[in-house]
Amino acid sequence: MSTAPLPLPLDGVRVLDLGQFIAMPFCALWLAWLGAEVIVVESRRRMTSRTAPPFVPGMEGNPDASGYFNQICSTKKSCTLDMTIAAGRDVVRRLAGKVDVMIDNYSTGVLEKLGLGYDMVGKLNPALIMVSCGAFGRSGPMKNARGLHSAVNLFSGVADVTGYVDGEPRILGGVLPDPLSGTYGMFAIMAALHHRSRTGQGQFVDLAMYESMMTLIPEAVIDLTLNDADPQRAGNRDRQKAPHGIYPCRETDTWVAISVEDSRDWNAFCQAAGHVEWLGDARFGDVESRLAHVAALDAAVESWTRQVSVGEAVDKLQAVGVAAGPVLRCDELLDDAQLQANGSVVTIDHPTAGPHRQLGLPWRMDSLGVEYRRAPLLGEHTHEILTGLLGIDEAEYARLEADGVLS
Amino acid sequence: MAVASQLSAAGPLAGLSVVELGDGTAGPYAAKLLGDFGAEVVKVEGPDGDSTRRRGPFPDGRPDPEASGLFLYLNINKRGIVLDIDGERGQRALDRLLADADVFITNLPAERLKTACVAPAALRARHPRLIVTTISPFGTDGPWAERRGDELVTYAMGGIAYSTPGMPDAANDLEREPPLHPTCFAAETITGLVAGLATLTAVLGRARTNDGCHLEISQQAAVASMQHRDISTYSYWGGTYNRLLNPTTIGRMPNFYLPCRDGYVTIPAPMDLHWERLVEAMGEPAWARTPAFSDGPARTDNWIELRMRLIDWTMTLSGDELYGLANQTQLPIFQFYPVRKLVESEQVRERGSVVDIDVGNRRAQMPGAPFMMRATPWSLRRPAPRLGEHTAAVLGDRTGAPA
C-alpha cells in the first residue's frame with residue numbers, strides 16, 4: 001500500500017550551513033527534515049564534529065562513522081571546501097549568492113575576516129537571510145568572549161534559579177543553550193522567510209545564546225526588577241503547589257516527579273499512597289499549610305515513594321488523576337513507549353555507520369510531510385553542487401580539485 | 001491608550017491573524033512569539049481569566065489579576081477577549097473568530113476542546129485553511145495520552161532533569177542530590193517556542209498547498225528533542241551521564257565548576273595548551289610541576305587532588321578577578337552571574353536584552369527580543385490586555401455586532 005507523500009513545508013528553500021558544534025547545525029537539522037536543501041560546508045583540513053565521538057565501536061576516527069556528525073547532519077548535503085584559501089572562499093561566496101538562508105556560529109568576526117560576513121554576502125544577495133549566532137551575540141562589549149554551554153548557563157540567570165534549597169547555583173544537564181538557540185534561529189528564519197515572501201527583502205539576524213536562555217526566566221527577571229527580590233533556590237519546589245518535587249523510589253537512583261495542584265489532587269494522592277491519615281494532619285490541611293510545612297510534607301511523601309518502584313508510584317497516582325511521571329534518563333528516551341507512539345523516535349540507516357535511532361521532530365502534521373534521511377558522506381555532494389548549482393564546468397572543477405580547494 | 005487603527009503594522013509577521021485559547025505558559029508563549037514579531041493575536045480567556053493572572057510576581061507580592069508580572073510578560077502584543085466557551089453563544093463567537101483567522105493555538109486539554117466544539121478534526125473540516133496548533137503534555141496517542149502532566153512531570157520525562165547538575169558541575173552524592181528542575185517554566189517555554197516554530201512552518205507550507213494543517217505538539221517530546229547530544233551518545237555508544245563527576249563522563253581534566261571568593265567559576269583546561277595557560281595564570285605553583293600533574297593522563301588520574309588544589313587557588317580570588325585573568329591568558333574561565341548582575345551588565349544594557357514593562361503602577365523589566373532581526377525588529381506594540389479589555393471591539397470588528 002502506498003500513498004502519495006505529503007508536501008514538505010520547506011520544499012524549495014536552500015540553506016548554507018556553516019554551523020559548528022551543535023547550535024547552528026541543530027538549527028539546520030530540522031529545516032532539512034522539513035524539506036529544505038541544506039548544504040554543509042566542511043573541510044578535510046579542519047573537521048569538527050566528524051572527528052568527535054561517539055563513533056561506531058571499532059570505527060573510531062572514521063569521519064563517516066561519527067554519531068555526533070551523522071545525527072546532527074541527517075538529511076543534509078556535504079560540500080568540502082577549504083575556506084583558508086582564496087579560491088575556496090570564492091566558492092562559498094558564490095554559494096551564498098544561490099541560497100535563501102545562511103547560518104553560522106563561528107567566533108564573532110571570523111566570517112568578516114574571510115570576506116564572508118553579512119556585510120559582503122548581503123550585498124551580493126539582498127534576498128539572503130543570515131542567522132549569525134554567538135554565545136553573547138554579535139554586538140555588545142562581550143561579543144568576542146568565548147562561551148561554552150556552561151558559561152551561557154552561568155551568565156543567562158538560569159543557573160541562579162537552579163539549585164537545591166538554599167544551595168549554590170547549578171548548571172543544567174545536556175547542552176540546552178545549543179539546541180534552544182538553534183530553535184530560536186529556526187523561528188527567526190521562518191519569520192524572515194514569511195516577510196521576504198511578501199517584500200523580497202532578506203536580512204541579518206543576530207542571535208545570542210544567552211538571550212535564548214533568558215526567555216526561560218521571565219519570573220526571576222521581573223521579580224528582581226519589580227520587587228528587588230533575588231531568586232531563592234528551592235530545589236524542585238514550587239511557590240504555589242505542594243507537594244511538588246522529585247522523590248526517590250525503591251531502587252537506587254530512580255525517581256518520580258509528582259505535582260499536586262489542588263485539594264482534590266491532595267485527597268487523591270493520600271488515598272493512592274495509602275496514607276489517609278495525612279488528610280487529617282493539620283499541617284497538610286490546605287495548600288497554604290502544606291507550603292508552610294513543606295519540609296515535613298516532602299519527608300512524608302518520600303517515606304512513601306521509597307517503599308515503591310517508580311512504575312508503581314506513577315501508576316497509582318495517575319490512576320487517581322494526579323500528575324506524576326518517571327524521571328527518564330537520556331538512554332531511556334529512545335525506548336519510551338510514549339515518544340515512540342507519537343512518532344518522535346526515528347531510525348536512520350547509514351552505509352558506513354549502520355542504522356541508529358534518534359529523536360525526530362517533536363510534532364506531527366496531518367497535511368504536511370517530514371523526511372528523515374541519512375547524513376552525507378564526507379564530500380558526497382561537492383561535485384553535484386559545484387557543477388549543478390554553481391554551473392562550474394568539468395575543466396574548472398578538475399582544476400579546483402587539483403588545487404586542493406575541494407578538500 | 002492606543003487603539004488598533006493607530007498602531008502601525010510592524011514586524012515580519014504583520015498581517016498574520018492568530019487566535020489563542022491558552023493557559024499558563026506553553027500556549028500563550030507560542031502566541032506571544034508570533035505577536036512579538038507582528039502577528040495580530042486575539043487571546044481568548046474564560047470568565048476567570050488565564051491562571052497566570054494569579055501567579056505573579058505581583059508588586060510587593062499583593063495578588064492582583066491585572067498586575068501579574070508573568071501574565072503581563074506572556075501576553076504583550078495581544079488583544080484580549082472573554083468568552084464563555086461552555087455556552088453556545090461563546091462557542092459561536094469563537095467560531096466566527098476562527099473563520100477569519102490564519103492560526104488557532106491552544107494548550108487546553110482535548111476534552112475541553114471537544115466540549116467547546118473546537119476539536120482539531122472538526123475545526124479542520126469547518127475551516128480548511130486554518131492552521132490548528134494543539135499542545136498536550138504527552139501527545140494524543142500512546143499509553144500516556146490520557147494521563148496528566150504539567151511543567152515538572154513533562155520536564156522530568158524529557159531527560160534534562162536526570163542529568164542536572166550537569167557538566168562540568170556534578171552531584172557529590174546521587175542519593176542526597178536528586179535530579180533538578182530549574183525554578184521556571186522551562187518545559188512550557190521550550191514547548192511554546194516549538195509550537196510557534198511549527199506553526200510558522202505550516203504557514204509557509206500553506207502558501208504552496210493552500211491547505212491548513214493540524215500541528216500536534218507533545219510537551220514531553222519538545223523537551224526531549226533538546227537532548228540531542230546526549231541521545232547521540234547513547235544511540236552510538238550506550239550509557240548515559242549520571243550527575244557524578246568522573247573522568248569517564250567528563251573527559252580530560254581539569255574541567256571543573258568551583259567556588260571562588262565571592263561566587264562560582266568554571267575552569268575548563270582539558271588540553272595541554274590550556275593547562276599551560278592555567279599554570280601561568282596561577283603564578284607557576286610548584287605542585288603544578290610535580291609528576292602527579294605533569295601530563296594529561298596524570299591530571300585525569302589525580303583529578304580529585306587537582307580539584308582540591310584548584311579550589312585552594314580560586315578561593316583566594318573573586319569571580320571578576322578570575323574572569324579578568326582568563327581574558328589575559330585566553331582561558332575560557334567563566335563566572336556565575338546572579339540575575340541581578342546579569343540585568344545590570346553592560347552586555348544586557350547595550351543589546352537591550354531586557355526592556356521596560358509596567359506591572360501595576362510600577363516599572364519593572366522583562367526579557368526582550370529573543371534575537372535581533374535587523375530589517376524587521378521586535379517591537380512592543382501594546383501591553384497585555386486587561387481581562388476582557390477588547391471583547392466588544394474584537395467581536396464587533398469581526399462580526400459587525402457585539403456578542
Side-chain angles (χ1 to χ4, degrees), chain A residues 9 54 67 71 140-142 146 150-151 154-155 157 160-162 170-174 179 184 187-188 190-191 195 203-207 214-218 220 222-226 236 246 253 257 259 318 323 325 327-331 333 338 341-342 344 356 359 362-364 366-368, chain B residues 12 37 57 69 73 139 141-142 144 147-148 150 152-153 156-157 159 162-166 169 178-179 181-184 186 197-198 200-201 205 211 213-214 216-217 221-222 225-226 230 232 234-237 240 266 332 334 336-337 339 342 346-347 350-351 364-365 367 370-372 374-375:
Chain A
Q71 298 219 321
M142 292 172 79
R146 293 193 43 195
S150 52
L154 291 177
F155 183 71
D160 203 6
V161 303
T162 307
R170 309 305 293 255
I171 294 172
L172 292 186
Y184 275 106
F187 186 98
M190 294 304 114
H195 175 73
Q203 62 179 305
F204 179 78
V205 178
D206 174 351
L207 177 61
M214 281 182 73
T215 67
L216 302 181
I217 58 157
I222 295 168
D223 206 16
L224 176 86
T225 53
L226 179 69
N236 294 311
I246 290 177
D253 197 29
S259 176
Q318 287 283 359
V327 174
L328 295 180
R329 300 188 309 256
C330 273
D331 57 319
L333 294 177
Q338 187 58 25
N342 284 279
S344 297
H356 288 276
L359 291 182
W363 72 83
R364 294 198 295 185
D366 65 356
S367 65
L368 292 165
Chain B
F37 288 97
Y73 163 80
D141 282 328
W144 283 72
R147 289 185 154 188
R148 272 187 78 191
D150 68 351
L152 180 72
V153 171
M157 291 178 68
Y162 180 78
S163 59
T164 302
D169 191 6
H181 169 252
T183 307
C184 64
L197 165 66
L200 286 184
T201 64
D211 187 15
C213 189
H214 175 208
E216 204 187 293
I217 286 107
S225 72
M226 298 289 127
D230 294 32
S232 293
Y234 168 66
S235 187
Y236 269 66
W237 258 358
T240 197
T266 49
F334 202 83
F336 163 65
Y337 278 66
V339 175
L342 164 76
E346 283 300 312
Q347 183 69 11
E350 194 170 313
R351 282 181 63 89
Q365 291 182 308
F371 46 79
M372 290 156 70
R374 211 175 265 175

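Here is the naming used below: chain letters follow the sequence lines, and residue numbers restart at 1 for every chain.
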Checked B:S235, B:P332, B:G142 vs chain A; the most non-hydrogen pairs under 4.5 Å come from B:S235

Scored by heavy-atom pairs under 4.5 Å with chain B, the best of A:T215, A:I171, A:L207, A:V161 is A:I171

Query - Side-chain donor or acceptor of A:D331 paired with backbone N/O of B:Y234 under 3.5 Å - result: no

Checked B:G69, B:G205, B:C213, B:A222 vs chain A; the most non-hydrogen pairs under 4.5 Å come from B:C213

In terms of heavy-atom pairs under 4.5 Å with chain B, the winner among A:S259, A:A220, A:A188 is A:A188

With chain A, the option among B:R374, B:E346, B:E350 that has the most non-hydrogen atom pairs under 4.5 Å is B:R374

Under 4.5 Å to a heavy atom of chain B? For A:S344 that would be side chain

Whatever's closer than 4.5 Å to a heavy atom in chain A on B:F37 counts as side chain

With chain A, the option among B:A156, B:S163, B:G159 that has the most non-hydrogen atom pairs under 4.5 Å is B:A156

Here the gap from B:L197 atom CG to A:M190 atom CE, rounded to the nearest 0.5 Å, amounts to 6.5 Å

For the residue pair A:H356 and B:Y236, does the interplanar ring angle fall in the parallel (under 30°), tilted (30 to 60°) or perpendicular (over 60°) class?
parallel

Chain B shares the most heavy-atom pairs under 4.5 Å, among A:H195, A:M214, A:Q71, A:R146, with A:Q71

One option among B:D150, B:D230, B:T266, B:L152 has the most heavy-atom pairs under 4.5 Å with chain A, and it is B:L152

Side-chain donor or acceptor of A:D223 paired with backbone N/O of B:P57 under 3.5 Å: no

Spell out, as yes or no, whether a donor-acceptor pair under 3.5 Å connects the side chain of A:N342 to the backbone of B:D141.
yes

dist B:L342:CG -> A:I217:CD1 (nearest 0.5 Å) comes out at 6.5 Å

To the nearest 0.5 Å, atom NE2 of B:H181 lies from atom OG1 of A:T162 at 9.0 Å

Separation between OH (B:Y162) and CD1 (A:I246), nearest 0.5 Å, reads 12.0 Å

Distance col, row A:L333:CG vs B:S225:OG, nearest 0.5 angstrom, shows 10.5 Å

(Q) Please evaluate residues A:T225 and B:Q365 with respect to the criterion side-chain hydrogen bond (donor to acceptor under 3.5 Å, both in side chains), reporting the C-alpha separation (whole Å), side-chain torsions for both, the decisive distance (0.1 Å), and the verdict. (A) CA-CA 6 Å; A:T225 53; B:Q365 291 182 308; 5.2 Å; no

In terms of ring plane angle, is the pair A:F155 and B:Y337 parallel, tilted or perpendicular, where the classes change at 30° and 60°?
perpendicular

Cut-off 4.5 Å, heavy atoms of chain B, and the answer for A:Q318 is side chain

Of the listed A:L216, A:I222, A:D366, the one with the largest count of heavy-atom pairs under 4.5 Å with chain B is A:D366

Taking the side chain as every heavy atom from C-beta outward, state whether A:L172 and B:P182 have any atom pair closer than 4.5 Å.
yes

Max heavy-atom pairs within cutoff under 4.5 Å with chain B, candidates A:L368, A:N236, A:L359, goes to A:N236

The interface call for A:L224 against chain B, heavy-atom contacts under 4.5 Å, is side chain

If you tally heavy-atom pairs under 4.5 Å between each of B:Q347, B:H214, B:E216, B:M157 and chain A, the highest tally belongs to B:Q347

